[in-house]
Number of protein chains: 2
Amino acid sequence: MYRNNEMSLMFKALGDPTRLRIFTFLQAQCCPVAVETETGAVSPLTGPTVGEVCCHVTGEAVITSTVSFHLKELRLAGLITMERSGRHMICGVNRDAAAQMIAFLNEGQAERKTNDDCCK
Amino acid sequence: MYRNNEMSLMFKALGDPTRLRIFTFLQAQCCPVAVETETGAVSPLTGPTVGEVCCHVTGEAVITSTVSFHLKELRLAGLITMERSGRHMICGVNRDAAAQMIAFLNEGQAERKTNDDCCK
DNA sequence: TAATTACTTCGATATGTATAGAAACAACGA
DNA sequence: TCGTTGTTTCTATACATATCGAAGTAATTA
């Protein structure tokens, strides 16, 4: 049941068109990453700034509070990472999260049970 | 851009814990299907009724308007199918929709672009 | 240290969503 | 045709969410 709730938060985060655009934009970015030797966690070293994300979304070179809000939602859902670099915030996708969603959906496709006789 | 909006509707539908439970429950059901010879579309011949879905979700043998509401949302997002069979409504997952979501996420993982110099 | 850049948070607002009970509806059996 | 079963729709309500402009904050430069 815990997994269900975590997963629904991820899906919910992608459930807004603007956030889905941001996510796929970040997913498409190819950039060098740092790997933590202890945990193996991967975080982007460079990548789009918040301004660049805004730009991609709105087409204008202005940072909006709306995009900032959506970035926060994506971050809280664990779908993206953000790290300060000087005045900028560098955004990157959390590829593990995407992998988890894929795995979740794939499991469902694979595992089939015969009808349980529920409430009878 | 159209694809983005369609996809976000699917993710949104799975973005509620109750709906995600319903979806995975239906995904797990193994049942005979009918294949349309023209389109190749697959639809379940038998499967859980609305009452059985309710039962799985709430643990009680009562149909609630809430579950009915969530089933409708899933249906409108294209994630499940529902067909009347006598007094019952037979629910089934639309496996193609799940496949589409998986494909969408996978594409994002695969396709990487070098930074486009956006708004500069 | 004052100004500038890059971004976030706050406050207001309008709209959407989940839930629950009651009423309506559709199919079947007596 | 009347009641019963299985399900949906309606209505009300409480809560969440997206958006926008304004104010606030952090890092850098003049």
Side-chain angles (χ1 to χ4, degrees), chain A residues 4-5 8-23 26 44 46-77 79-92 117-120, chain B residues 4-5 8-23 26 44 46-77 79-92 117-120:
Chain A
N4 189 79
N5 286 282
S8 71
L9 285 175
M10 290 192 195
F11 288 124
K12 188 176 185 177
L14 296 188
D16 177 272
T18 304
R19 283 197 294 266
L20 188 55
R21 272 198 79 191
I22 294 173
F23 183 76
L26 292 178
T46 68
T49 64
V50 171
E52 286 166 336
V53 171
C54 278
C55 201
H56 175 77
V57 170
T58 66
E60 286 176 58
V62 179
I63 294 173
T64 66
S65 59
T66 297
V67 169
S68 183
F69 163 76
H70 286 307
L71 284 169
K72 188 179 183 182
E73 294 287 304
L74 287 168
R75 190 164 46 79
L76 292 178
L79 294 183
I80 67 166
T81 61
M82 291 174 75
E83 259 186 290
R84 183 170 281 283
S85 167
R87 295 201 254 229
H88 298 274
M89 295 295 287
I90 304 297
C91 308
D117 296 288
C118 180
C119 294
K120 275 175 191 165
Chain B
N4 189 78
N5 286 282
S8 71
L9 286 175
M10 291 191 192
F11 288 124
K12 188 177 185 178
L14 297 188
D16 177 273
T18 303
R19 282 196 296 265
L20 188 56
R21 273 198 79 191
I22 295 173
F23 183 76
L26 292 179
T46 68
T49 65
V50 171
E52 285 166 335
V53 171
C54 278
C55 200
H56 174 78
V57 170
T58 67
E60 286 176 59
V62 180
I63 293 174
T64 65
S65 58
T66 297
V67 168
S68 184
F69 163 76
H70 286 307
L71 285 169
K72 189 178 183 184
E73 294 286 306
L74 287 167
R75 189 164 46 78
L76 292 178
L79 294 182
I80 68 167
T81 60
M82 292 174 75
E83 258 186 291
R84 183 170 282 281
S85 167
R87 293 201 254 229
H88 298 274
M89 294 294 289
I90 304 297
C91 308
D117 297 288
C118 180
C119 293
K120 276 173 189 165

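For clarity, every value in this text was computed on a predicted model and none was experimentally measured. Numbered from 1 within each chain, the chains take letters A, B, ... in sequence-line order.
Taking atom CD of residue A:E52 and atom C1' of nucleotide C:dT5, one finds them 14 Å apart after rounding to whole Å. The nearest whole Å value for the distance from the CE atom in B:M89 to the P atom in C:dA26 is 12 Å. Rounded to whole Å, atom P of C:dC7 lies 14 Å from atom CD of A:E83. At whole-Å resolution of the value, CD1 in A:I22 and P in C:dC7 are 13 Å apart.
Annotation: the span from B:E52 atom CD to B:L26 atom CG amounts to 10.5 Å, rounded to 0.5 Å. Interatomic distance, B:L9 CG to B:L14 CG, rounded to the nearest 0.5 Å: 11.5 Å. Between the CZ atom in B:F23 and the CG atom in A:N4 there is a gap of 12.0 Å [rounded to 0.5 Å].
If B:M82 and A:K12 are placed on DNA chain D by their nearest nucleotide, the residue sitting closer to the 5' end is B:M82.
Dashed line: the shortest gap from a side-chain N or O of A:K72 to OP1 or OP2 of C:dT8 is not under 4.0 Å. For C:dT5, neither phosphate oxygen OP1 nor OP2 lies less than 4.0 angstrom from any side-chain nitrogen or oxygen of A:H88.
Just one of B:V50, B:V53, B:I90 meets the side-chain contact (heavy atoms from CB on, under 4.5 Å) condition when paired with B:M82; it is B:V50. B:C54 pairs in a side-chain contact (heavy atoms from CB on, under 4.5 Å) with only one of the listed residues (B:T49, B:I63, B:I22), which is B:I63.
Of the possible donor and acceptor atoms, one in the side chain of A:T64 sits under 3.5 Å from a partner among the backbone N and O of A:V67.
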Can you give me every donor-acceptor pair (side chain of residues 69-76 of chain A, partner residue at least two apart or in another chain, under 3.5 Å) with its distance?
from, atom 1, to, atom 2, distance (Å)
A:H70, ND1, A:R19, NH1, 3.1

Protein-nucleotides 12-15 of chain C N/O pairs closer than 3.5 Å?
none

Summarise protein proximity over nucleotides 18-30 of chain D in one line of letters, 5' to 3': B for base, S for sugar-phosphate only, - for none, counting protein heavy atoms closer than 4.0 Å. SBBB-----BBS-

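Applying the side chain to side chain contact (heavy atoms under 4.5 Å, CB included) test to A:M10 and every residue at least two apart in sequence or in another chain returns A:M7, A:L79, A:A97, A:Q100, A:M101.
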